Amino acid sequence: MELSQYLSMMRDPAGVPFYPIVFQVLMVLTFCLHILVVNIVVGGSFLALWMRLKGTAESLRLSAALARSNTVGVSVAMVLGVAPLLFVQVIYDPFWYTANTMSAYWALGFLLAIAVAFTCAYIFYLKKDKEKGSNPVWAALSLAGLLVSAFIIHGLSVEQLYPQKWKDWIVAGDSVITHGKGLYLIEPARLLHFIVPSFAVTGVYLMLYAWFFKERKDYQPSYLRFVGELGAKLALYFTVAQVVVGFWWLLTLPHDLFFLSNPFLLLGAGAGLGLLGLLMTSQKDPSENAIKCAIGVLVTVFLMSYAREALRMVYVAKVGYSIFDYKLAVDWGSAVLFFGTFIGGLVVMAYPVLVAVNLARNGSDKNHPHGLGRLAAALPVLWFVLVAGLGIIISLKNGTLF
Amino acid sequence: MYPFWEVPGFTSALFIALIASFHILPSHLATGAFWFNVFIEQKALKENRPDFLEFIRKYTLLILIFCFVYGSITGVGIWFSATIASPRSLSSLIHNYVWGWATEWVFFVIEIVAIYVYYYTLGKIDVKAHLRIGWIYAWAAWISMIIITGILAFMLSGGKWLVTGGFFDGFFNDTYWPQLFLRTALMCGIAGMYAIIAAGRLEKPETREAIVRLASVWGAIGTLLTVLMSVWFVVKMPQAAKDLGLGAGLPYLKHLLYVAAGGFGAVFLYFLLGISVPKVPGTYSGILMIAVLFAGIFATEGFREGVRRPYIINGYMYGNQIVASDVPGKGIKAELASMKENGFLSSLYFLPDEAKKSSDAGRLAAGRMIALHQCGNCHSFEKNARLRSLPVFLDRIGMTAEEDIAVFLDALEGYAYMPPFAGTDDDKQAAAAWLASICK
Ligand code: HEM
C-alpha cells in the first residue's frame, strides 16, 4: 500500500461534520491561547524558583504570587489544550493517531509529567513557611515536569510531520514494532522555539502585573517597579533570543518545503520584529507600556501559530494530503449548538472574570456588575431548558424515552 | 489500520478501564459537589451560620485539587489512552460528536473560571454574588455531564443513528435518560461522601456533625436512586446486551453486578449511620468508603463496557475496530464483507515484507499481524497474562493445533461476544498457524 493510500484510508469514513477551514481556524485560535498560557506557566515556574532562591523580600513576594498564578495557569493551560486536541483529531486524524500509537508510552508519560508538575506546583503554593517561603525543590520539580511534557508533546507533534519515515521507524524486517516505547523524532530548534518565548511572554506578564496593581495601596511602588523592570528586561532579552532561535529553526527545515517565502511566516516574523522594537522602547517605563506590549505578544503568537499550521500544510502536501479534500458531511444542528453555546459561554465567563479583576485591582468589590451576573446565572439554565426540550421531542419522536 | 500498541499480558483495554474508572470519582465529584456546596452556602446565609463557611472553604479546595488536578488529568488521560488503544473507535466518535465535545469544552472553561473565582473570593465579595458564582459552576458542571452522557450512551445504544447518522438521533438514544439520571444520582452520592471527608477536618464538633448529617442525607438519597436508576437502565439496555449480561452469555458480568450491589449497599448503610449518629463518620472512614464506592463503580463500568461486546460502538464498530455495518445516512460502508473478499492484509500499511511472502515464516509473520489486529484489543497473547490469555483459552477448549484453530476462527460467528473473523481462507490459515505457535 502506498503512503497516500494509507492516509486517505485512515480518514474516518463518516467524514468531517463541518467545513475543514472552520476546524482549522478554531484549532489555531485555541492552540494560540494554549501556548500563551503554557508560556506563562513555564516562565512563571522558572521565575518562582529563581525568585525563591534569590531570597530578598521583594523576590520572595513575587515568587509567592507566581506560585499561586502557576496553579491556576496549569489548569487553564490544560483546558485550553483540550480544544486543539479535539480539532487536530478531526482534520489530521491519520497523522495524530499514527504518531500516538507508535509512541504510546510517551503519550501516557506526557500525562504523568503533567500530573507531577501540577502536584508539585500545588505543594509549592500551599506548603508555605511564613519566614522562608516554600521549599524550592517543589518549584524545581514542577518546572522539570513541565519541560518533560513539552518535550514529549513536541516529539509527538513532529513525528506527524514525517510520514515518509513512519515505516522505517516501526517496520523492522520480519515484524512490526508494537511496544510503543519509541519516541522517534525531536527537533531541538523547533522545541526551543516554543520554550524560549516562555521567558519573553512571562516578562510581559510581569509588566502587566506592575501595571495592574498600581492602584492598590498594599503594593509599594518600589516593589512594582522591581517587577516591571525585571519583566521588561526578560521580555527584551528573550525576544532577541527568540529571533535567533527562529532563524536557526528555519535553516533546519527541509529545503524542498520552500517555507521561507510563506506569507504566514513572513507576517509572523514581521510581527516578532515589531514586538522587539516595541520592547526596546518600553524599557524605561514598563508598566506604562504593558498593554501595548501585551497586544504585540498576542498578535505575534497568533500569527506564529498560524505559521506553524501553514508549515504543517506544506509538510503534509508533500505526501498528497490536504484537509480540504476531506469527505464533507455537514451537520448544522450540532454546529449551531456549539456556536450558540460558545457565544453564550463567553458572556457567562465574563462575569466571574470581571468580578475577580475588579476585586484584585481595587481590593474591594464596589460597582459589582449585578446585571451581568443575573444574565450569566440565567444562561446555563436557559441552555438546559432548550436542550432538554429538544431531547424530549427527539426522544418522543424516536420512541426512546420510555 | 493504525499501528497496534501491545501491552503484553495486560492489554491496552485494561489501561483505559483503570484510568476511566478512576476518572469517575473526580468527574462526578466535580459535577455533583457544588449542588451540595451552594445548598450549604444558602443555609449559611439563611440561618446565619458563618461556621459553615469554613466547610465551604475546605470542600472547595478539596474539589479544586482532586477534580481540577487529577480529574482533568485523568479526563485527558481517557482520551489519550483511547487514542493509543483504540484509535479508530475514538476517531469515529470524534467525527460524529466533535461539536458535542466542543460544546462540553465551553462548559469546562466556565467551570474552571468559576471555581477559581469562587474559591478566591469567598468572604471577599457580596454574599449573594458569591452564591451566584457557585450556581454558575453547579449548572455548568452538570451540563457537561448532560453532554458527555449522550456520547457514552451512544456507544451502548446507537439507536436511529445507525440509519440516519444524525447527531441528535444518536445522542438522545434508548439508554440516554436512564444513564443521565443514574449519573446524576451517583454524583450526589459521591458528593456526599467527599463532603464527609472534608467535614471531618472541621474543628468545631457542632459544625462537623451538622454537615455530616446533611451530607449523609444527600448521599443516602443519591445511592438509593443510583440503584433504582440502574434497574431502569438495565431494563432499557438493548436485548443483545441483556442476553450477554443477565442471561447465559458471559457469567462474569453478573458477578460484577453483585459486587456493585454490595458496594453501593455498604455505602448506603454508612450514610444511614451518618444520619443517625453523625459523630461517627469522619475523614478516615470516609476515605475507606470511597474505596468501597470505587469498587462498586469499577464493577458497574465493567458491566457497561462488557455488555457492549462484541462492539465498541454498538451495532457499528467491533471491539477490534472493524466497521460492522453500513450507515446509509453517512454513506459509510461495512468493512467485514470486503475484508472477507480481499483479505485483511490489504488494510495494513504497516506490514513487514516478510508477511507478503508465501513461505512458512511469511505466513507466521502475516498471521501475527492478523491476530494482533483482530484479537489483540480484547486478548493478550502470553500464557501468564492477567487478561484473557489466548494460549490459555485455546488450551482450555482443547484447540491448540493449527487445523483446530482454523475451525475455531470460523466458529467465531457463533459467539455472541466476539466479532466474526474478517479475512480470506488464507488469512485464516495464517492466523491459525501463528496462534498455534504461541500455544506451544
Ligand atoms: C502543561 C503542560 C504542557 C506543556 C508544557 C505543553 C506544551 C506544548 C508545546 C511546546 C506544544 C508545541 C509542540 C510543537 O509543535 O512542536 C504543544 C502543542 C500541543 N499541546 Fe500542549 N502542553 C501542555 C499541556 C497540554 C495538555 C494537557 C494538552 C491536552 C489537553 C495539550 C495539547 C496540545 C496539543 C493538541 C498540541 C498541538 C499538537 C499538534 O498540533 O500536533 N497540551 N504543547
Side-chain angles (χ1 to χ4, degrees), chain A residues 1 6 12-14 16-17 72 75-76 78-79 82-83 86 89-90 93 97-98 100-102 104 107 111 114-115 118 122 170-171 173-176 178 180 329 331 333-335 337-338 341-342 345 348-349 352-353 355-356 359 365 368 373 376-377 380-381 383-384 391 394-395 398 400-401, chain B residues 2-6 65 68-69 72-73 76-77 80 83-84 87 91-92 94-96 98-103 105-106 108-110 112-114 116-117 120-121 124-126 129 132-133 135-136 139-140 143 159-160 167-169 172-174 177 323 330 332 349-350 352 354 361 365 369 372:
Chain A
M1 185 188 308
Y6 169 72
D12 193 80
V16 285
V72 183
S75 283
V76 177
M78 271 186 76
V79 78
V82 168
L86 182 58
Q89 288 175 62
V90 176
D93 42 337
Y97 292 116
T98 305
N100 274 277
T101 43
M102 287 192 301
L111 294 164
I114 295 178
F118 215 160
Y122 256 106
I170 66 163
V171 181
D174 58 351
S175 87
V176 171
T178 54
D331 186 278
S334 61
L337 176 70
F338 166 72
T341 307
F342 185 64
V348 178
M349 281 168 225
V353 168
V355 170
L359 179 68
D365 184 36
H368 190 98
V381 185
W383 189 98
F384 170 73
I394 290 177
S395 300
N398 290 352
T400 56
L401 194 53
Chain B
Y2 286 113
F4 196 84
W5 175 48
E6 212 184 343
I65 294 189
F68 287 87
V69 179
S72 358
I73 289 176
V76 181
F80 271 96
T83 294
I84 55 189
S91 176
S92 293
I94 285 188
H95 283 85
N96 285 290
V98 52
W99 289 132
W101 261 306
T103 306
W105 173 78
V106 174
F108 284 161
V109 183
I110 296 178
I112 297 239
V113 172
Y116 275 110
V117 174
Y120 285 120
T121 60
K124 292 186 185 150
I125 61 171
D126 179 64
R132 186 152 63 208
I133 294 174
W135 277 116
I136 291 176
W139 275 97
I143 289 175
K160 264 186 96 171
F167 181 96
F168 292 107
D169 283 339
F172 295 112
N173 56 70
D174 278 298
W177 298 100
V323 174
K330 287 252 180 193
I332 299 176
Y349 171 69
F350 295 99
E354 190 74 29
M369 295 311 297
L372 264 183

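Nothing here was measured: the structure is a model prediction, and the numbers come from that model. Quick note on labels: first sequence line is chain A, next is B, and so on, each numbered from 1.
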Of all of [options], which one pairs up most often with chain B through heavy atoms under 4.5 Å apart?
options: Val16(A), Asp365(A), Thr178(A); value: Thr178(A)
options: Pro17(A), Gly345(A), Ala329(A); value: Pro17(A)
options: Gly180(A), Ala107(A), Ala335(A); value: Ala335(A)
options: Gly391(A), Gly333(A), Ser395(A), Ala14(A); value: Gly391(A)

To the nearest 0.5 Å, tell me how far [X] [atom1] sits from [Y] [atom2].
X: Met102(A); Y: Phe350(B); atom1: CE; atom2: CZ; result: 6.0 Å
X: Ile94(B); Y: Tyr97(A); atom1: CD1; atom2: OH; result: 4.0 Å
X: Ser334(A); Y: Trp99(B); atom1: OG; atom2: CH2; result: 7.5 Å
X: Met78(A); Y: Ile112(B); atom1: CE; atom2: CD1; result: 8.0 Å

Answer with side chain, backbone, both or neither: which region of [X] has an atom nearer than 4.5 Å to a non-hydrogen atom of chain A?
X: Trp177(B); answer: side chain
X: Lys160(B); answer: side chain
X: Val106(B); answer: both
X: Asn96(B); answer: side chain

What residue in [options] has the most heavy-atom pairs under 4.5 Å with chain A?
options: Val117(B), Val113(B), Thr121(B); answer: Val117(B)
options: Asp126(B), Leu372(B), Ile133(B), Val323(B); answer: Asp126(B)
options: Lys330(B), Arg132(B), Lys124(B); answer: Arg132(B)

Open item on the list: Could you walk me through whether Tyr120(B) and Leu359(A) satisfy the side chain to side chain contact (heavy atoms under 4.5 Å, CB included) test, starting with their C-alpha distance in whole Å, then the side-chain angles of each, then the deciding distance to 0.1 Å, before giving a yes or no?
Closed with: CA-CA 10 Å; Tyr120(B) 285 120; Leu359(A) 179 68; over 6 Å; no
Interchain contact, [X] with chain B, by part (heavy-atom threshold 4.5 Å):
X: Phe342(A); result: both
X: Val171(A); result: side chain
X: Val355(A); result: side chain
X: Leu337(A); result: both

Minimum-distance pair of heavy atoms, taken over all atoms of [X] and [Y]:
X: Ile73(B); Y: Ala115(A); answer: CD1-CA, 3.3 Å
X: Ile332(B); Y: Pro13(A); answer: CG1-O, 3.7 Å
X: Pro352(B); Y: Val176(A); answer: CD-CG2, 3.5 Å
X: Tyr116(B); Y: Ser75(A); answer: OH-OG, 2.7 Å
X: Pro87(B); Y: Thr101(A); answer: CG-CG2, 3.9 Å
X: Ala376(A); Y: Ile136(B); answer: CB-CD1, 3.8 Å

TODO: Please step through side chain to side chain contact (heavy atoms under 4.5 Å, CB included) for the pair Tyr2(B) and Tyr6(A), ending with a clear verdict.
DONE: CA-CA 9 Å; Tyr2(B) 286 113; Tyr6(A) 169 72; 3.4 Å; yes
TODO: Spell out, as yes or no, whether a donor-acceptor pair under 3.5 Å connects the side chain of Trp105(B) to the backbone of Val79(A).
DONE: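 Side chain of Trp105(B) to backbone of Val79(A): a pair is present.
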- [ ] For Thr400(A) and Phe172(B), indicate whether the former's side chain and the latter's backbone hold a donor-acceptor pair under 3.5 Å.
- [x] yes
Open item on the list: Between Trp383(A) and Thr103(B), does the side chain to side chain contact (heavy atoms under 4.5 Å, CB included) criterion hold? Intermediate values first, please.
Closed with: CA-CA 11 Å; Trp383(A) 189 98; Thr103(B) 306; 4.1 Å; yes
